[in-house]
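As a basis for the values below, the full set of heavy atoms in this structure was taken, side chains included, without hydrogen atoms, waters or symmetry mates.
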Amino acid sequence: MTSFPAKTHPNQFFPFQILLLFFIILSLVFPFDSTAFSSSATKKEVGEEGMEAASLLAWKASLDNRSQSLLSSWVVGSNHCDWIGVGCKMAGRVITHIDLKSYGLKGTLLNLNFSSLPHLLILDLENNSLCGTIPSSIGCLSRLTNLSLSTNRLSGSIPPIMGQLSNLKTLKLNQNQIGGTIPHEIRFLVSLMELTLYSNNLMGTIPASIGNLVNLTTLYLDKNHFSGSIPKGVGMLRSLIHLGLSTNNLTGSIPASIGNLVNLTTLHLFKNHLSGSIPEEVGMLRSLINLSLASNNLSGSMPASIGNLKFLEHLRLHDNQLTGSIPTQLNNLTLLTSFHVSSNMLTGHLPENLCASGSLENLTVQNNNFIGLPKSIKNCSSLYRLRLEGNQFSGNISEDFGIYPNLSYIDLSGNNFYGELSPRWGKCNNLKSLKMSNNNISGGIPPALVEATQLSRIDLSSNHLVGEIPKELGSLMSLFDLKLNDNQLSGNIPPELGRLANLETLNFAANKLSGSIPRELGHCMKLLNLSLSNNRLGENIPLELSQLRGLESLDLGENFLSGKIPEQFGALQRLESLNLSHNELSGFIPSSFDNMLALSSIDISYNKLEGPIPHIKAFREAPSNSLRGNKGLCGNATSLKACQHHGVRRKKEKKLVLLTVLPVFGFLLLSLTALGIFFTFHKKVKSTTKEPKQVNNENVFAIWSYDGKMVYENVIEATENFSAKYCIGEGGYCIVYRAALPNGQVVAVKKLHAYSDGDSFNQKDFTSEISTLTEIRHRNIVKLYGFCSHPRHLFLVYEFLQGGSLEKVLASKGEATELNWKKRVDVVESLADALSYMHHDCSPPIIHRDISSKNVLFDSEYVAHISDFGTARFLKPDSSNWTSFAGTFGYAAPELAYTMEVNEKCDIYSFGVLTLEVIMGKRPGDLISILSSSCSSSSSSSSGHGILLKEVLDQRLSLPTNQVAEQVVVAAKLAFACLNASPMSRPTMHQVARRLSNPRPSLQKEFHLITLGELLDTNCFTS
C-alpha cells in the first residue's frame, strides 16, 4: 500500500519542498556541470604538492652557494619527484622520502617547513655540515619512521615535541654538538628500535622512562656527559642487541637487571666512574660478543660466570681495581680475539686455552701480578699485539716464544725472563716495537734481528747482554728509539748507526763501550736524546755533535773524554740538559755557551776545566756538586769564587796592547784628519755649483744577517717593490711580506705604514722595536735579521716561520688535532720561558704588551715563537710607565681599563688567557666570566667551581694521559694564578717558567675527576 502525505494547508510548505524548489530554479538558471567536483579535488591535490615543493625550494635557497649547486635539479616548475634525494609515493605524488646523506650540505634546518611535508616517512640528512638547532616544527612529521641528523654540527637541545613522533623507529642524532638533557617525552616513542645519541654534549641523568622503549635493539649514548647511575629500567629492554654508555660520568654499580638482556651482543660501559663488583648476572648474556667495562673503579674478583659467554670475542676489563685470580671457567672462551685486563691487581696464571683456537690477536695484561704464561702462546701465530710488561712472568725467552708473522708490538719488560735472544725474532716481519727491558736476558744481540726491517723501537735495556753492538742495526731506517743501556756490551760504537736518519733517542749508557764517539752520529739530525754515559769512551768530543740542532738532552758523563769542549756546542740552542761530568776535559768553557738559553740542567763536575762559567741561568743556579772537582772555575755562582784574577790579567793585557797600538793609532788619526780637511774643502767648492743635499734624506741603512750579504736592494727586488702578491698579513701599523732572497733564505719583511712628516709616532715605534729586538737572543722569540730606515721605506726583516700563527692553527680542525697535548704543553712552556727571559734576563726588562694567539708563530716543527714587538717598551725599574692601550681585547689585564699603567703583570695576565686558549682550543672569555662570577659568590660551591677540567679541554683531542695529563693540570693551575684579580698576587714569569719545567709529582686525583675549583687560586681572579 502506498501512503501519501496528509493534506496540508495551501500556504504551508515543508523544508524539503522549499529546498527542491531552490534546486529546480538553480538548474534552470545555471546548467549543472558534472565535472565540477572532480576538478575541485584535483586543484586541492595540486595545491598540496606545490606546498611540498615550495617548502624544499625555500630551504634550498637558505643553504650556502655550494650546497645549492649540489641540489641543481631542484628547479621551479620541474617534477619534484624527480629531484635528487627526493622520493614520492607515486599514487598522489606526495613526498615520502628525503635522503641527502653525505651530500656536503651547509646551512640550517630553520627554513625547512616540516608542516608542509605531512606524508614524510624517511628524513636522512646524515654526514653534512648542518648547524643551528633542531626546529620544534619537526614534531609535525607524525608519519615519520626514520630520522637521521647524525654527523653534523647541530647544537641546542632535543625538542621535547619529538615525543609526538609515535611512528618513529630510527632516531640518529649522534656526532653533533647537542646539549641539554634527554627529554622525558622520549618515553612516548614506543615504536623506536634504534636510538643513537653518542658524541654530543648531553648531560643530566639517563631517564628511567627509557625502559618504556621495549622495542629498542640499539641504544648508544656514549661520549656525552651523563651522570648518575645506570637506570634499572635498562633491564626491561629485552630486545636490546647493542648497548653503549661508555665515556660518560656514570656512577654507582652495574645493575643486576642487566642480565635480562639475553639478546645483547655488545655491552660498552668503559670510561665511567662505575664502582662495586661485576655482577654475576653478566654471565646470563649468552649472546655477548663484545664486553668492555674498562677504565672504571670496579673492584672484587672476576665472576666465573663470564666463562658462560662462549661467543665472546672481545673482553676488556683493564684499568680497574680487580683482584684475585682469573677463574678457570674462562678457558671456555675459545673464540677470543682480544683479552685486555691490564692495570688491575690480578694474580695467578692466565687461562691455558687463550689461544687454543688460534684467533687471539691482542693479549694485553700488563701491570698486574701474573706468574704463569700459557703454553699456547708459543704457537699463537695470530698475535698482533702482546703486552706482558710489569708482571712476574718467568721462562726462557728463546724457548717460550715462537715466530709471529702478524706481530706488530711486543713488550715483555719488567718480568723475570731469562735465556738468550733468538734470531727467530727477525722472522717477525711486521714487528715495529720490541721491548724486553728489565729482565735477566743474557748472551749477545743477534744480527739477524735486523731482518725485521720495520722495527722502529728497540728497548733491551737493563739486562745482562754481552758482546758488541751489531753494526747491522744501522740498516733499520725506521728506527727512532734505540735503548741498550744498563747491560755489559763492549767494543766500539758502530759508525754505521750514523745512517739512522729518523733516530730520536739513543741510549747506550752504563755498558763497557770503548774507543771514541763516532763522528757519524752527527748525521742523525732528528736526535733529541743522546746518552753514552758510564762507559769507557775516550779521545775528544767530536765537533760533529754540534750539528744535532734539535738535541734536548746530552749525557757523556763518566767516561775518559779529553781535550776541550767544542766551541761549536753553542749552536745547540735547544739543549736543555748537559752532563759532561767525570771526564778529563780541560781548558775554558766556550763563550758560545752564553747563547744556550734553553739549558736548565748542567753537570761539568770532576774535569780539568778552568776560567769563568757562562753567564746563563743554568750555570748561575747550578748546584755546587755540578761544578766541583775542576781545576779553577770561577764566576757568579754560590759555590765559586769571583773571577777577580781574570780581571787583573785582562787589565795588564789591555795596558800592553795600548802601549803598542797607541803610537800607530795616533799616526793614523793625524792622517785621517788631514784627509778629512781636504775633502771638506773640496766639497764646499763643489757646492757652489750644485743644490745643497739635505742630510735627513740620506739612505740611512743598517742590516745584519748570518752571512752579512743581505742588503736593501735584495729586499726591494724580492718583493718587487712590495707588490701585493707577496703580502702574507696586515696589521694596524704594518703590512708583512714574504721575501725569498738570492742566497736562498726566506724572510718576513714588516713594512710600516707611512706617516706625515709632522707625525713622529711611527718613527718612535720603529726605534723602540729596533732597540728591543736587537738585544733579544732566545730560541722562542722571533729573530730580527735587520732593519731599514729611509724616507721611502721603513721596514724590519725577521726570520720567516712557515707554521703560521697559533690563532690560525687552533681555528683549523686538522692542524689543531696535529697540535696534540704534548705539543701544547711544549707551547706553554716555551712561551713562559721566553717571557721569563724578557722580564728577568733583559736589562732593562722588556714588556711585550700584546701577548695573544695571533702573535705566537710556529716553525715547521711546531716550536712556538713570540712575535710582534711593535708596541713593546722598556720598563725602567722603580718607575711608572703610563701609556695608551695597545694590546688585544680579551687578553689585556683588567686594571688597564682604569689605570693604563703598563708593567710586567699585564703580560702575565695575557699569558694566563693564552694558556687557557691553548688547552681549550678557543678563546676562554666565557669561562673566565663564569669562574669570575663564581669567585665573587659567597658560596663555596659555586657552579663555576664544579666544572670538570676535562669538560673545558679541546674536545677535538682525546684526554691527555700520564705525565702529559699532569703537565696540563699544572698549566691550567698556573693560568688561573696568572688571572688573579690582584696584579701583585700574580706569580712572576720566572716562577711560572720554573714550575712548568721542574719535574711534577703524580696526580693526587684521577684526571677526569679534577674540577676547575680545585685549580683556582685562593684569592680568585677576574675577567
[X] side-chain N/O to [Y] backbone N/O, donor-acceptor pair under 3.5 Å:
{"X": "N391", "Y": "N368", "answer": "yes"}
{"X": "Q573", "Y": "N595", "answer": "yes"}
{"X": "N396", "Y": "D400", "answer": "no"}
{"X": "N507", "Y": "L484", "answer": "no"}
{"X": "S830", "Y": "D826", "answer": "yes"}
{"X": "T364", "Y": "R387", "answer": "no"}
{"X": "N406", "Y": "Y384", "answer": "no"}

Residues 575-582, side-chain donor-acceptor partners within the protein, below 3.5 Å, at least two apart:
{"residue": "N579", "atom": "OD1", "partner": "S581", "partner atom": "N", "Å": "3.0"}
{"residue": "N579", "atom": "OD1", "partner": "S581", "partner atom": "OG", "Å": "2.7"}
{"residue": "N579", "atom": "ND2", "partner": "D555", "partner atom": "OD1", "Å": "3.1"}

Start with the C-alpha distance between H318 and N367, add both sets of side-chain angles, then the distance that settles side chain to side chain donor-acceptor pair (under 3.5 Å), and finish with yes or no. CA-CA 10 Å; H318 56 88; N367 300 328; over 6 Å; no
All salt bridge (Lys or Arg N to Asp or Glu O under 4.0 Å) counterparts of E313, not counting sequence neighbours: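 Residues passing salt bridge (Lys or Arg N to Asp or Glu O under 4.0 Å) with E313: none at all.
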Decide yes or no for [X] and [Y]: does some side-chain heavy atom of the first lie under 4.5 Å from some side-chain heavy atom of the second?
{"X": "M302", "Y": "I326", "value": "yes"}
{"X": "E829", "Y": "Q967", "value": "yes"}
{"X": "Q488", "Y": "L465", "value": "no"}
{"X": "T347", "Y": "T323", "value": "no"}

[X], [atom1]: over 12 other non-hydrogen atoms inside 6.0 angstrom:
{"X": "F480", "atom1": "CZ", "result": "yes"}
{"X": "K471", "atom1": "NZ", "result": "no"}
{"X": "K823", "atom1": "NZ", "result": "yes"}
{"X": "R424", "atom1": "CZ", "result": "yes"}
{"X": "R956", "atom1": "CZ", "result": "yes"}
{"X": "R779", "atom1": "CZ", "result": "yes"}

Who are the disulfide bond (SG atoms under 2.5 Å apart) partners of C380, not counting sequence neighbours?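 Per chain and number, C380 pairs via disulfide bond (SG atoms under 2.5 Å apart) with C355.
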Could I get the full list of disulfide bond (SG atoms under 2.5 Å apart) partners for C524, not counting sequence neighbours?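 Disulfide bond (SG atoms under 2.5 Å apart) check on C524 returns nothing, list empty.
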Say whether N439 and H464, considering side chains only, have a donor N or O and an acceptor N or O under 3.5 Å apart.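 Not at all, the side chains of N439 and H464 share no donor-acceptor pair under 3.5 Å.
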Please work out whether the ring planes of W425 and Y404 are parallel, tilted or perpendicular, with thresholds of 30° and 60°.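 Plane angle between 30° and 60°, so tilted.
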Could you tell me how the ring of F393 sits relative to the ring of F417: parallel (under 30°), tilted (30 to 60°) or perpendicular (over 60°)?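 If you compare the ring of F393 with that of F417, the planes turn out parallel.
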Run the salt-bridge test on K435 and D459 with the 4.0 Å N-O cut-off and return the result as yes or no.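 Salt bridge: no.
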Start with the C-alpha gap between L455 and L473, add the side-chain angles, then the distance that decides, and say whether side chain to side chain contact (heavy atoms under 4.5 Å, CB included) holds. CA-CA 10 Å; L455 274 171; L473 293 179; over 6 Å; no
Can you name the nearest heavy-atom pair linking L801 to F858, along with the distance?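 Taking every non-hydrogen atom into account, CB-O, 3.3 Å.
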I need the minimum non-hydrogen distance between L513 and S490, along with the two atoms involved.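 Between these two residues, the closest heavy atoms are CD2-O, 3.6 Å.
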Side chain to side chain contact (heavy atoms under 4.5 Å, CB included) evaluation trace for N540 with S562: CA-CA 5 Å; N540 295 345; S562 58; 3.8 Å; yes
Please list all pairs passing the side-chain hydrogen bond (donor to acceptor under 3.5 Å, both in side chains) test where one or both residues lie in residues 408-421, with sequence neighbours left out.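 side-chain hydrogen bond (donor to acceptor under 3.5 Å, both in side chains) check on residues 408-421 returns D411-S413, S413-S437.
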If you round to the nearest 0.5 Å, how far is OG of S553 from CG of L528?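 L528 atom CG to S553 atom OG measures 9.5 Å (nearest 0.5 Å).
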Does anything in residues 335-356 pair up under salt bridge (Lys or Arg N to Asp or Glu O under 4.0 Å), and if so which pairs, sequence neighbours excluded?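 Non-adjacent pairs meeting salt bridge (Lys or Arg N to Asp or Glu O under 4.0 Å): zero.
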Start with the C-alpha distance between R824 and L957, add both sets of side-chain angles, then the distance that settles side chain to side chain contact (heavy atoms under 4.5 Å, CB included), and finish with yes or no. CA-CA 11 Å; R824 295 194 189 200; L957 302 179; 3.6 Å; yes
Step by step, work out the side chain to side chain contact (heavy atoms under 4.5 Å, CB included) result for L388 and L363. CA-CA 8 Å; L388 308 179; L363 177 58; 4.3 Å; yes
